[in-house]
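To keep things clear, I will list the structure first and then write my remarks on it.
Below, read A as the first sequence line, B as the second, and so on, with proteins coming before strands; counting in each chain starts at 1.
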Amino acid sequence: MGLIEQKQHFSVNLLDWYMINRRDLPWRRHNNPYFTWVSEIMLQQTRVDTVIPYFNRFIGNFPTVQALAEAPEEDVLKNWEGLGYYSRARNLQAAARQVMELHGGEIPQDKQAVFALKGVGPYTAGAILSIAFNQPQPAVDGNVMRVLSRYFLIDEDIMKGSTRVLMEELAGELIPEGRARDFNQALMELGALVCTPKAPHCLTCPVMEQCSGRIAGRELTLPVKTKAKPPRPEQRLVAIVEGRGVHRGRVLVRQRPESGLLARMWELPHVLAEPPAKAGKKAAPLADEPAMALLAGSLWAEGFAARPEGLATHAEHVFSHIVWQLQVYKCTEQSQSSELPLIAAEARAAYDAQAATKDTVATDPDGQSASTFTSTSSITSDQVERRMLTDDVEVLDNAPQIHIGKGDQLTYRWIGPEDMDKMAFPNIFLKLLSSYFAGVYDDINE
DNA sequence: AACACGGGGAT
DNA sequence: ATCCCAGTGTT
């Protein structure tokens with residue numbers, strides 16, 4: 001058996017298998033290039049089962065390229081909430097605006113034009129061109145690399161860029177004449193349903209007879225893939241600041257900067273407790289006393305007087321490159337002006353003591369230096385009072401902003417449960433806020 | 001080439 | 001609890 005026969009066997013049998021076994025997925029019910037595009041962006045790093053409800057809601061809210069282009073960015077982010085990799089949402093909308101301006105609202109069929117869209121790389125360009133327009137372009141994702149590395153017994157590390165290029169050349173050769181749309185989806189479908197990462201179902205595989213990997217007994221050791229670095233741990237102190245007076249029933253949240261981790265998402269205020277530990281090690285928890293002092297100090301530095309009352313809960317949030325180990329403290333807003341000087345003095349002293357002892361103390365978000373923080377954190381009690389006593393959000397937003405870090409302006413807001421409908425939160429803060437509003441942390445007092 | 005960038009599922 | 005999964009953008 002030669003390579004040419006092996007390739008033909010693969011293409012023919014895989015395509016036949018797919019035409020019988022293809023899943024009925026929302027984005028497969030119509031040949032709508034916009035649906036294909038949205039689904040492929042959502043499917044990056046994300047499983048089909050997770051994507052389905054997001055896709056249906058997203059298309060319901062933004063049924064056309066134009067609707068997406070014209071939507072408030074906040075709405076798009078809210079529709080992406082919980083899906084992760086939020087730059088995908090921002091890039092998708094930016095690309096929708098590109099399509100409106102450059103292509104009259106029609107998704108381009110030219111390879112260079114598709115590739116030029118924000119958030120569209122080699123894989124997604126190939127997927128759109130083949131699935132939406134049946135163009136014979138390879139669409140090589142992780143599924144495809146796994147299937148091809150096994151069937152053709154390719155030992156190259158799939159984490160290398162050169163391997164992806166090699167796979168694209170191979171995948172392109174395998175596309176049967178005029179069948180790019182079905183064949184590319186067949187390849188990925190096989191990887192998702194049969195040629196799975198850990199326990200491939202070789203006995204039901206349509207191409208097992210000529211699968212070099214299986215014949216060599218290598219199906220479990222392919223593809224070759226370098227391991228990712230373990231995420232570095234970060235100990236963070238989180239404040240659930242319970243409002244008093246005009247803020248009664250509300251909690252203090254803030255919006256993250258427009259770039260970087262969780263860009264533009266809302267969150268509970270928090271502060272890095274100490275310099276990040278080495279990846280693989282775990283961060284040492286901070287005792288409650290210094291933790292609460294540090295937290296009060298960092299809140300004070302951002303214009304809020306709050307008294308930490310006690311530990312509400314521990315939580316952990318795992319990103320691909322960071323692990324947040326969170327100590328969550330229930331705090332109370334100090335709304336009486338007479339308390340201000342005392343709270344402020346105590347908090348500042350505690351915070352400055354920490355800052356003086358450590359090389360880098362934490363600030364927010366995400367690790368600016370202590371000196372930067374200190375140099376910009378001199379705030380008058382006037383400013384604090386305004387933040388504390390202002391109920392109206394617009395007035396708060398229009399008030400002079402306090403600058404920290406690299407010139408980032410953080411917007412703070414006092415919110416009730418109803419406000420969460422329109423604000424996008426990362427899952428960890430979604431859970432903490434839901435628990436709080438459900439009354440779970442009510443026993444944390446004094 | 002190396003790193004940043006979320007969240008979920010399987011065992 | 002510990003593993004695995006893996007496209008695009010930035011630098």
- Query: Given B:dG7, is OP1 or OP2 found less than 4.0 Å from the side-chain N or O atoms of A:His317?
  - Reply: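 Looking at the OP1 and OP2 atoms of B:dG7, one of them is under 4.0 Å from a side-chain N or O of A:His317.
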- B:dC3 phosphate, OP1 or OP2, under 4.0 Å from A:His321 side-chain N/O: no
- Message: Check for me whether the distance between the ring centres of A:Phe429 and A:His270 falls short of 6.0 Å.
- Response: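 For A:Phe429 and A:His270, the ring centres are under 6.0 Å apart.
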Interatomic distance where [atom1] belongs to [X] and [atom2] belongs to [N] [whole Å]:
X: A:Tyr86; N: B:dA4; atom1: OH; atom2: C1'; result: 15 Å
X: A:Trp80; N: B:dG7; atom1: CH2; atom2: C1'; result: 13 Å
X: A:Met42; N: B:dG6; atom1: CE; atom2: P; result: 15 Å
X: A:Leu83; N: B:dG8; atom1: CG; atom2: P; result: 9 Å
X: A:Trp324; N: B:dC5; atom1: CH2; atom2: C1'; result: 12 Å
X: A:Arg88; N: B:dG7; atom1: CZ; atom2: P; result: 10 Å
X: A:Glu316; N: B:dG8; atom1: CD; atom2: P; result: 14 Å
X: A:His314; N: C:dA1; atom1: NE2; atom2: P; result: 13 Å

- Hey, which of these two, A:Tyr54 or A:Ser162, hits DNA chain B nearer its 5' end, going by closest nucleotide?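 Comparing both residues, the 5'-ward one is A:Ser162.
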- Using a 4.0 Å heavy-atom cut-off across all strands, classify A:Val318 as base, sugar-phosphate, or nothing.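 Base, at least one base heavy atom under 4.0 Å.
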- Query: Across the strands shown, which category fits A:Asn91 at heavy-atom distances under 4.0 angstrom: base, sugar-phosphate, nothing?
  - Reply: sugar-phosphate
Please tabulate, for side-chain N and O atoms in residues 172-179 of chain A, each donor-acceptor pair with protein atoms closer than 3.5 Å (sequence neighbours left out).
unit_1   : atom_1 : unit_2   : atom_2 : d
A:Glu173 : OE1    : A:Lys7   : NZ     : 2.5
A:Arg179 : NH2    : A:Asp182 : OD2    : 3.0

- In whole Å, what separates the P atom of B:dT11 from that of C:dA6?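 15 Å, rounded to whole Å.
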- Query: Roughly how far apart, to the nearest Å, are C:dC4 and B:dG6 at atom P?
  - Reply: 22 Å
- Between protein and nucleotides 2-7 of chain C, map the contacts as a letter string: B base, S sugar-phosphate only, - none, heavy atoms under 4.0 Å, written 5' to 3'. --SBBB
Any pair counted as side-chain hydrogen bond (donor to acceptor under 3.5 Å, both in side chains), so long as it reaches [range], sequence neighbours left out:
range: residues 417-426 of chain A; result: A:Arg250-A:Asp419
range: residues 97-112 of chain A; result: A:Lys111-A:Gln137
range: residues 42-55 of chain A; result: A:Gln44-A:Thr124, A:Thr46-A:Arg88

- Geometric class of the A:Tyr151/A:Phe10 ring pair [parallel <30°, tilted 30-60°, perpendicular >60°]: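 Tilted.
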- Message: For A:His9, give me all partners under ring pair (Phe, Tyr, Trp, His ring centres under 6.0 Å), at least two apart in sequence or on another chain.
- Response: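 Not a single residue meets the ring pair (Phe, Tyr, Trp, His ring centres under 6.0 Å) criterion with A:His9.
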